[in-house]
Amino acid sequence: VRAIAKRRLPRIVFDFIDGGAEDEVTLRANRAAFEALTLRPRYLRPVETRDQSTTVFGRRLESPVILAPTGLPRLAHWEGERAAARAAVANGTHVTLATGGSTRLEDLMEETPGPHWFQLYLWPERARNEAMVKRAQAAGYRALVLTVDVPVLGRRERDLRHGFTVPFRPRLGMALEVARHPRWIAGYARAGPIGFANFDEPGTRQRPTAHHKLTHRNPAAGLDELRWLRELWEGPLLVKGLLTAEDAEDAIACGADGIIVSNHGGRQLDGVQTSIDALPQIVAAVGGRAEILLDSGVRRGTDVVKAIALGARAVLIGRPWLWGLAAGGEAGVARVLQLLRIEIDTALALVGCRSLGELDASYVVRTGAVENVRN
Ligand SMILES: Cc1cc2nc3c(=O)[nH]c(=O)nc-3n(C[C@H](O)[C@H](O)[C@H](O)COP(=O)(O)O)c2cc1C
């Protein structure tokens, strides 16, 4: 699916989706960490029927895969979040609309109702945050996801090199390459200018601005902001982007109901720990006081099985659904979800489990782990 997306998208758009921060060490490590975990299958256990459903905050998901919040999905395909939301709901899951999304939050809920979540970035001004949260609440979003790993934007050098701006407008050098993608241009013409649909960044409506210069982030935010949000938001509140047991403790102490262990798909701090490596210590520290989810590098059903075995309730995917969207709009996102579903089902059978609930840490072992070497 990624290969199709790469052909379909202008380079500047593909790189915005695909790229990571600085040397992309973490981007690669996210895959390497999943690959370094091996499975310990158990055989001669009846697995003729299998069920990969789970519940998150009391809601059933047909499969433990949620669409992660991503900025500007309409760059991948002119229908953007609408197409993704339809595919998600049809496949028993939901999307997380981003503050930096390209579809108005009210429109998405009205046109594609579902138990969708809303992701929040904090501005320095509380009044702005409050207005956004109240809109999300009024529109019926089920859960609020506060992303905390972006006090400043990571240095995504592909974007810096290409001069990626919001609203999207390629520089002349890039425009020539964009012109080689007539099908994408036709969609873009249909979509109209693609920018942040949920807020007016002062001055940017008229003038494209470098992504890293935009201000929908608040480097001064502390735990007080989280406590304040807890008071404001009535449903489940998740904190996204944590990688340590200490931060998980703090989040729970401030009233968080859920934690998304994430390194932002390698787009923020380069050289940071991978989510799948950070997961066990967070699961141990939290001890069931909050629901734990994970993203960053999930590409295969076996990755999902590893994450669930190590204590996640569900996972989120970022780039895979954007690639699907670029490759085939709604059908492309649906295809990605269905492929994962088939792979999870196969992996469950092959490790000898009938349901996700049967998975535990005994099903996973790290290649080259000290215990193995000693044995
Ligand atoms: C193009 C793109 C835009 C993103 N925008 C946001 C965002 O606005 N807010 C957010 O919390 N995370 C954002 N993320 C991070 C994802 O939510 C998620 O953490 C990450 O993509 C997971 O890693 P994966 O892409 O390897 O699945 C973005 C990711 C991508 C690829």
Side-chain angles (χ1 to χ4, degrees), residues 1-2 5 9 12-21 24 26-35 65-77 80-81 84 95-103 105 117-123 132 143-151 153-154 156 158-159 162 164 166 168 194-199 201 211-212 214 216-217 238-243 259-269 272 274-276 278 293-300 303-304 307 312 314-326 333 336-337 340:
V1 178
R2 176 175 180 269
L9 294 175
I12 182 171
V13 175
F14 179 77
D15 276 351
F16 165 66
I17 293 169
D18 208 59
E24 302 188 339
T26 299
L27 181 64
R28 289 189 298 277
N30 284 344
R31 289 303 309 141
F34 273 111
E35 288 171 12
V65 179
I66 295 167
L67 303 198
T70 65
L72 307 174
R74 294 180 76 205
L75 283 177
H77 183 277
E81 291 94 337
V95 302
T96 313
L97 181 67
T99 288
S102 45
T103 301
L105 66 92
W117 294 357
F118 184 75
Q119 176 267 329
L120 184 71
Y121 277 137
L122 291 171
W123 281 272
M132 189 68 111
L144 186 70
V145 175
L146 177 69
T147 300
V148 296
D149 57 3
V150 190
L153 198 73
R156 301 165 195 169
R158 299 196 212 184
D159 294 348
H162 297 329
F164 184 87
V166 186
F168 177 75
I194 298 171
F196 297 127
N198 286 302
F199 60 91
E201 188 75 27
H211 194 197
H212 66 280
L214 297 174
H216 59 292
R217 45 194 77 101
L238 295 97
V239 177
K240 173 172 180 280
L242 299 187
L243 290 167
I259 286 161
I260 302 177
V261 182
S262 167
N263 62 27
H264 215 105
R267 297 165 76 82
Q268 282 298 107
L269 177 61
V272 79
T274 65
S275 309
I276 193 71
L293 288 79
L294 169 142
D295 75 22
S296 300
V298 174
R299 300 290 179 268
R300 287 279 186 188
D303 301 333
V304 181
V315 303
L316 295 88
I317 51 169
R319 294 178 185 85
W321 77 260
L322 291 172
W323 294 328
L325 188 63
V333 179
V336 165
L337 290 171
L340 281 170

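By convention here, the first residue in the shown sequence is residue 1. We count ligands from 1, going down the list as the structure has it; atoms in each ligand are counted the same way.
Every residue two or more places apart in sequence or in another chain that forms a side-chain hydrogen bond (donor to acceptor under 3.5 Å, both in side chains) with Ser102 is listed here: Glu81. Shown here are the side chain to side chain contact (heavy atoms under 4.5 Å, CB included) partners of Val148, two or more places apart in sequence or in another chain: Leu146, Val239, Leu242. Here Ala98 pairs with Pro69, Gln119 under the side chain to side chain contact (heavy atoms under 4.5 Å, CB included) rule; sequence neighbours left out.
Between Asp303 and Arg31, at least one side-chain nitrogen of the basic residue sits less than 4.0 Å from a carboxylate oxygen of the acidic one, meeting the salt-bridge criterion.
In this structure, CE on Met132 lies 7.0 Å from CG on Leu120, to the nearest 0.5 angstrom.
Protein residues lining ligand 1, listed by chain and number: Phe16, Ile17, Ala68, Pro69, Thr70, Gly71, Ala98, Gln119, Tyr121, Thr147, Lys240, Ser262, His264, Gly265, Arg267, Asp295, Ser296, Gly297, Arg299, Ile317, Gly318, Arg319, Pro320, Leu322 [non-hydrogen atoms, distance under 4.0 Å].
Environment of CZ in Arg300: sparse, with no more than 12 heavy atoms of neighbouring residues, nucleotides or ligands closer than 6.0 Å.
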